[in-house]
Amino acid sequence: MDALPDIPTVGDFVPGYEASNWYGIGAPRNTPVEVIEKLNKETNAGLADPKLKARLDDLGGNRADRLARRFWQAHCRRNREMGARW
């Protein structure tokens with residue numbers, strides 16, 4: 001990990017270990033598409049801000065500018081991969 005290059009990861013000690021986290025913005029079911037599109041546009045604009053990019057880099061974070069639908073698809077795929085059950 002770039003932020004802590006001299007610190008071993010759990011994966012160094014536990015074969016196959018994997019962990020991750022992510023953050024997203026959600027909206028209630030049946031939120032109008034126009035509202036979702038506006039929220040997505042403004043969120044991605046914020047993520048493109050050089051100051052925010054630099055701060056996230058300082059914290060070791062990654063940005064994933066995505067369309068709302070692609071974000072949801074990635075979320076569902078990741079949950080399936082991790083064996084999540086709802």
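By convention here, the first residue in the shown sequence is residue 1.
Between Pro8 and Phe13, the closest heavy-atom pair is CB-CE1, 3.6 Å. The minimum heavy-atom distance linking Ala27 with Ile36 is given by the pair CB-CD1, 3.6 Å.
We find that Lys38 and Glu42 are joined by a salt bridge, their nearest charged nitrogen and carboxylate oxygen being less than 4.0 Å apart.
Asp57 contributes atom CG, which lies 9.5 Å from atom CG of Leu52 (distance to the nearest 0.5 angstrom). Between atom CG of residue Asp12 and atom OH of residue Tyr17 there is a gap of 12.0 Å, rounded to the nearest 0.5 Å.
Leu56 is listed as a side-chain neighbour of Leu47, based on a closest heavy-atom distance under 4.5 Å.
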